[in-house]
Amino acid sequence: MKKVRFNTLRGMRDILPQEIHLWQYIEEKVRKIFEIYNFKEIRPPILEAAELFLRSIGEDTDIVEKEMYIFHDKKGRTVALRPEATASVVRAYIEHRLFNNPPPQRFYYIGPMFRYERPQKGRFRQFHQAGVEVFGIAEPLIEAELLYMVKRLFEDMNIRDLTYEINSIGCLNCRAEFKQLLLDYLENKVLKLCSDCQRRFQRNPLRVLDCKVESCKNSLSDAPLILDFLCDECEAHFEEFKTLLKEFDIDFIINPKIVRGLDYYTKTVFEITTPSLGAQSAVVAGGRYDNLVESFGGPKTPAVGFAIGMERLIEIFKDFSFIKPKYPTVYVAYATEELRKDAINLARFFRDSEISAEAVYENTSLKSQLRKADRFNAYWVIIVGPEEMKRSSYRWKNMRNGLEGEATLEEIVKLIKK
RNA sequence: GCGGACGUAGCUCAAAGGUUAGAGCACUGGACUGUGGCUCCAGGCGCUGCGGGUUCGAGUCCCGUCGUCCGCCCCA
């Protein structure tokens, strides 16, 4: 038989036991703060109808155009691995009529997302997001509270050097007006723009504004900013949002260039960035999407959400030396080979008593057993020996301080559980 | 999708085109026949990412491919 070696696919990786405790620690932190804010966990499927993402994220966005894992199932349906979770949560919210519950309805999720991109630092094809969505509240208070919640999470994890960037991209009304204004402005410049922007000019002119090509930036230096053309309502919303952030003691900067790569946003958008991630500076991103629920056939429902990039959060979380993996509490060894089975049985007894235990299954010297116990970082070693058996007792050894003694099983359990 | 760097033992890295590809750490066993960590000794480390080519001879040079990293684009 020909031997084949398999590896993870590009951009995918195994999270091994040696780092999983770090993930578990961070997931617990995230869950805890979300639940304090009354967010309820929701777990939508990872595979959805591709249409769901086309209609929410937008067909002209990079995510949909070139980054989606999209394929046909055996019935010929076009399905996609989710590139983000908001669309799924909105779908579930409507599908299960969760809007019949009183607002605010708050949901959170933690799970894998998929984007077919070129991997690099902080960027993977399968990555994880922890995110929240709030339905039913139009007040900017919600956005401000969400940012405050994230700020608390970062403080709790002792993560600093973050920049809170905010912007408003208006509602359907002011955006329509602004779009016309922008088109007029771009009219006689369009030939000077890069090829991407020429296409954007046709299909999604707002995205011309955040082109990174130097020549485009130059010719757009005096371009109108949507921030200056918000309608009265959007303007008031943004003003109140800023006032609340100040009240909540959140330092922020206004970045009029944030438009977000997803079409469903309205009014508030925000991004939290760090200098320590190289080119992938965003750790958290989100915003308001007041039209999405309605456009998916639900009742008109304002909504806000954000997502945290878990890999990026872990990357900037420096203080993890104190997080220790879980070790077995006891390691059961035997002094002579005939007692091997007794040792295994003793391990079974410990496990039945909810004490985590590891044991030696092969025939080997006591010395090597102790060495293994050390390697496993076991706290206690219990040795089954012939002399002790006669007195129906066992030898115990504390691997942290080297102390040892002899005791009955009852005494040992008491010692361990102390 | 575009550009650059790099792929050698489980890990970190050596080996100016020339014997049988090495070292440290780690692993296994022993010195210590019922006791880990320190020390010493011994042992196995390998399709040099993969596939072609050049050459008397390739880990080394060339081409392709896959992968990793770093930029660009975009994003979490």
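To find a chain, count down the sequence lines: A is the first, B the second, and so on, and within it residues start at 1. What you see is a predicted model, and the numbers here were worked out from it, not measured in a lab.
- Rounded to the nearest Å, the gap between the P atom of A23(B) and that of A14(B) is 16 Å.
- One can place CZ of Phe376(A) at 12 Å from P of C27(B), the figure rounded to the nearest angstrom.
- Applying the side-chain contact (heavy atoms from CB on, under 4.5 Å) test between Arg125(A) and each of Arg115(A), Glu67(A), Met12(A), Arg13(A) identifies Met12(A) as the sole match.
- A close approach under 4.0 Å does not occur between any side-chain nitrogen or oxygen of Arg118(A) and OP1 or OP2 of G1(B).
- Distances shown here put every side-chain N or O of Ser365(A) at or beyond 4.0 Å from the OP1 or OP2 atom of G29(B).
- Taking atom CZ on Arg123(A) and atom C1' on G1(B), their separation rounds to 11 Å, with Å as the unit.
- Although no hydrogens or angles enter the test, the distance criterion places no donor-acceptor pair under 3.5 Å between the side chain of Thr78(A) and the main chain of Ala50(A).
- The closest side-chain donor-acceptor pair between Arg160(A) and Asn158(A) falls under 3.5 angstrom.
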**Prompt:** Between Glu155(A) and Lys151(A), is a salt bridge (Lys or Arg N to Asp or Glu O under 4.0 Å) present by the stated rule, with each step listed?
**Reply:** CA-CA 6 Å; Glu155(A) 281 172 355; Lys151(A) 182 188 165 207; 3.7 Å; yes
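- Atom CZ in Phe124(A) sits about 15 Å away from atom P in G67(B), given to the nearest Å.
- When ring centroids are compared, Phe135(A) and Phe107(A) come within the 6.0 Å threshold.
- For the pair Phe127(A) CZ and C75(B) C1', the interatomic distance rounds to 8 Å; values are reported in whole Å.
- Using modelled atom types, no side-chain atom of Glu388(A) and backbone atom of Glu406(A) make a donor-acceptor pair closer than 3.5 Å.
- Going from the P atom of U60(B) to that of G51(B) covers 13 Å, rounded to whole Å.
- Ile159(A) CD1 to Ile316(A) CD1: the interatomic distance, rounded to the nearest 0.5 Å, is 4.5 Å.
- With both ends at atom C1', the span from U28(B) to C75(B) equals 48 Å, rounded to whole Å.
- For G18(B) and U55(B), the C1' atoms lie 12 Å apart once the distance is rounded to whole Å.
- Tyr327(A) and Glu358(A) are not linked by any side-chain donor-acceptor pair at a separation below 3.5 angstrom, with hydrogens and angles left out of the test.
- In RNA chain B, consecutive stretches of 3 or more Watson-Crick or G-U wobble pairs with both distances under 3.5 Å are given as paired ranges: B:1-7 with B:66-72, B:10-13 with B:22-25, B:27-31 with B:39-43, B:49-53 with B:61-65.
- Judged by distance alone, the side chains of Glu133(A) and Tyr289(A) do bring a donor and an acceptor atom under 3.5 Å apart.
- For the pair Pro119(A) and Gln129(A), nearest-nucleotide mapping onto RNA chain B gives the more 5' position to Pro119(A).
- A26(B) and U12(B) have their C1' atoms separated by 11 Å, with the value rounded to a whole Å.
- Distance check on atom P: C2(B) versus C73(B) gives 16 Å, rounded to whole Å.
- Sequence order on RNA chain B of the closest nucleotides to Glu67(A) and Met12(A) puts Met12(A) first from the 5' end.
- Rounded to a whole angstrom, the distance from the P atom of A15(B) to that of U19(B) is 14 Å.
- The NZ atom of Lys66(A) sits 11 Å away from the C1' atom of C75(B) (whole-angstrom rounding).
- Nucleotides G29(B) and U65(B) are separated by 47 Å at their P atoms, to the nearest Å.
- Taking a cutoff of 4.0 Å between a charged side-chain nitrogen and a carboxylate oxygen, Arg395(A) and Glu387(A) do not qualify as a salt bridge.
- The separation between Lys121(A) atom NZ and G67(B) atom C1' is 18 Å, rounded to whole Å.
- The ring of Phe34(A) has its center closer than 6.0 angstrom to the ring center of Tyr108(A).
- Separating the CD atom of Glu315(A) from the C1' atom of C69(B) is a distance of 12 Å, rounded to the nearest angstrom.
- Residue-level contact check: Glu117(A) touches the bases, meaning some heavy atom is under 4.0 Å from a base atom.
- Between the CG atom of Asn7(A) and the P atom of U68(B) there is a distance of 10 Å, rounded to whole Å.
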**Message:** Walk along nucleotides 32-45 of chain B from 5' to 3' and tag each nucleotide B, S or - by protein heavy-atom contact under 4.0 Å, base first, then sugar-phosphate.
**Reply:** B-BBBB--------
